[in-house]
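Worksheet for the structure shown next.
Whatever order the structure lists them in is the order used to number ligands and atoms, beginning at 1.
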Amino acid sequence: MTIRAVVRGVGHYLPERVVPNAEFEALVDTTDEWIRSRSGIERRHFAAEGQTTSDLGFHAAEAALKDAGLAADDIDAIVLATSTADLTFPSAATMIQDRLGMTRGFAFDVQAVCAGFVFALTNANALIVSGQARRVLVIGAETFSRLMDWTDRATCVLFGDGAGALVLEAQEGDGTSGDRGILASDLNSDGRFKDLLYVDGGSSTGTTGHLRMEGREVFRHAVEKLAATAHAALKKAGLGPEDVDWIVPHQANIRIIEATAKRMHVPMERVVVTVQDHGNTSAASIPLALSVGKARGQIKPGDLIVTEAIGGGLAWGAVLLRW
Ligand code: UT7
């Protein structure tokens, strides 16, 4: 008997305000055409004034619990992937725990920027497999609109706000790659590349800071590293790209998504794409895409899914799971 962390519920939340590309034409020297053709983004959601990351995460968590048919007190732990916690501390995960009325268990944040959700899923899987938790809420929630330099056209047009959540539950499997649940993961980081994508604020400055990115360089690393990490996760489970039903990638740029699928020899018909509607929501993009992919009728029970992401650090990785 093998314990597997199986997806029991999924949900997401997007703030009400939708911002089309055209709105940026009045702000910086850009065009709808440039943003669409270079990134695939058509619109994104921005949180309302005063609306925080924990607020978005709370709504996504509520939706995932509803989908799972569970209450907050059925959950043993919350693992929240975010780089935009409401405050430096306490963790936004504990704020969500409070909003949910969950008075037992534990909650913490995981910070691996755009790769945060694959790191959070891997941590949640370890908690379940080691017997420390039976049910874990894994959330990705971000308000990257708060980190934008609105004079930098190369970054401010790319990001959006949102949240997605999964409920993972311990279930018995037979130890084969036919099991439902998380089958393998592959995590990486390389701090030599920390200057390619960072926020220039924190405890060293006493400010929140703004996002800075060498877009072309990050693009180059993404195309090279994402297919490799997805292959590595598949290999650990004794599977290959031909077994994959869906790639659910981090949604930063349609050209990166297409290049990764091509390198993996997986046709775009088997890739869940939401970047046109959400922009880059960092650690929220994968759970958002999982939730939207299920709602669209793309993702079905038993499907083999590989998620992959890269971001600041650089940090990158992939998680292989059977839905
Ligand atoms: O989620 C974390 C990981 N992040 C990513 O994966 C992002 C990776 N990078 C990218 O997605 C792409 O590199 C970008 C979308 C950021 C940029 O696309 P690109 O094709 O690499 O463009 P570029 O940076 O090479 O810029 C091309 C030109 C430049 O002008 P010159 O130097 O050729 O005259 C830029 O100044 O486009 C210019 N440009 C813009 N023009 C209109 C940059 N931003 C804009 C803009 N509107 N918003």
Quick look: Val28 vs ligand 1, heavy-atom contacts under 4.0 Å, and the answer is neither

Taking only non-hydrogen atoms of Ile256 and a 4.0 Å limit, the atoms of ligand 1 in range are 6 (O), 8 (C)

re atom 22 (O) of ligand 1, the protein heavy-atom contact at minimum distance is Arg38 NH1, 3.4 Å

For Asp29, the ligand 1 atoms with a heavy-atom partner under 4.0 Å come out as 42 (C), 47 (N)

- Ignoring hydrogens and angles, state whether a donor on the side chain of Arg4 or Asn125 is under 3.5 Å from an acceptor on the partner side chain. no

When distances are taken from atom 39 (N) of ligand 1, the protein heavy atom at minimum range is Trp34 CZ2, 3.4 Å

heavy-atom search around atom 4 (N) of ligand 1 in the protein gives Val218 CG1, 3.6 Å

Under-4.0 Å salt bridge between Glu217 and Arg220
yes

Rounded to the nearest 0.5 Å, the CG atom of Asp245 sits from the CH2 atom of Trp323 at a distance of 13.0 Å

>> Could you check whether any side-chain N or O of Asp76 sits under 3.5 Å from a backbone N or O of Arg134, counting only pairs where one atom can act as donor and the other as acceptor?
In response: yes

Tell me whether Glu258 contacts the main-chain N or O of Met268 through its side chain, where contact means a donor paired with an acceptor under 3.5 Å. no

- Query: Based purely on interatomic distance, does Ser39 place a nitrogen or oxygen under 3.5 Å from a nitrogen or oxygen of ligand 1?
  - Reply: no

Test item: side-chain donor near acceptor, Ser145 and Asp161, under 3.5 Å:
yes

Numbered in order shown, the ligand 1 atoms found under 4.0 Å of a heavy atom of Ala252 are 1 (O), 5 (C), 6 (O)

Note: ligand 1 atoms sitting under 4.0 Å from heavy atoms of Thr30 are 42 (C), 46 (C), 47 (N), 48 (N)

* Kindly say whether Asp73 contributes a backbone atom to a donor-acceptor pair with the side chain of Arg104 at under 3.5 angstrom? => yes

For Met213, the ligand 1 atoms with a heavy-atom partner under 4.0 Å come out as 4 (N), 7 (C)

ask   = Hey, is atom 37 (O) of ligand 1 under 4.0 Å from any protein heavy atom?
value = yes

- prompt: Does Asp149 come within less than 4.0 Å of Arg212, counting only side-chain N to carboxylate O?
  reply: yes

Is there a donor-acceptor contact under 3.5 Å from the side chain of Thr205 to the main chain of Gly202? yes

Is Arg43 salt-bridged to Asp277, cutoff N-O under 4.0 Å? yes

* atom 33 (O) of ligand 1 touched by protein heavy atom at under 4.0 Å -> no

* To do: Look at atom CD of Glu172 and say whether more than 12 heavy atoms of other residues, nucleotides or ligands are closer to it than 6.0 Å.
  => no

N or O contact, Asn253 vs ligand 1, cut-off under 3.5 Å: yes

Closest to atom 2 (C) of ligand 1 among protein heavy atoms sits Cys114 SG, 3.2 Å

Counting from 1 in the order shown, the ligand 1 atoms closer than 4.0 Å to a non-hydrogen atom of Arg255 are 18 (O), 19 (P), 20 (O)

closest protein heavy atom to atom 9 (N) of ligand 1 is Gly215 O, 3.0 Å

Distance-only donor-acceptor check, side chains Asn188 and Asp186, under 3.5 Å: yes

So for Leu197 against ligand 1, with non-hydrogen atoms under 4.0 Å, the contacting part is side chain

Atoms of ligand 1 under 4.0 Å from any heavy atom of Leu158, numbered from 1 in the order shown, are 16 (C)

Ligand 1 atoms nearer than 4.0 angstrom to some heavy atom of Ala154 are 44 (N)

Among non-hydrogen protein atoms, atom 1 (O) of ligand 1 lies closest to Asn280 ND2, 2.6 Å

| field | Any side-chain donor near an acceptor of the partner, Glu142 and Thr281, under 3.5 Å | value | no

Looking only at protein heavy atoms, what sits closest to atom 25 (O) of ligand 1 is Arg216 NE, 2.7 Å

Compare all side-chain heavy atoms of Phe117 with those of Leu166 and state whether any distance is below 4.5 angstrom. yes

Of all protein heavy atoms, the one nearest atom 48 (N) of ligand 1 is Arg153 O, 2.8 Å

Counting heavy atoms under 4.0 Å, the part of Ile310 that contacts ligand 1 is backbone

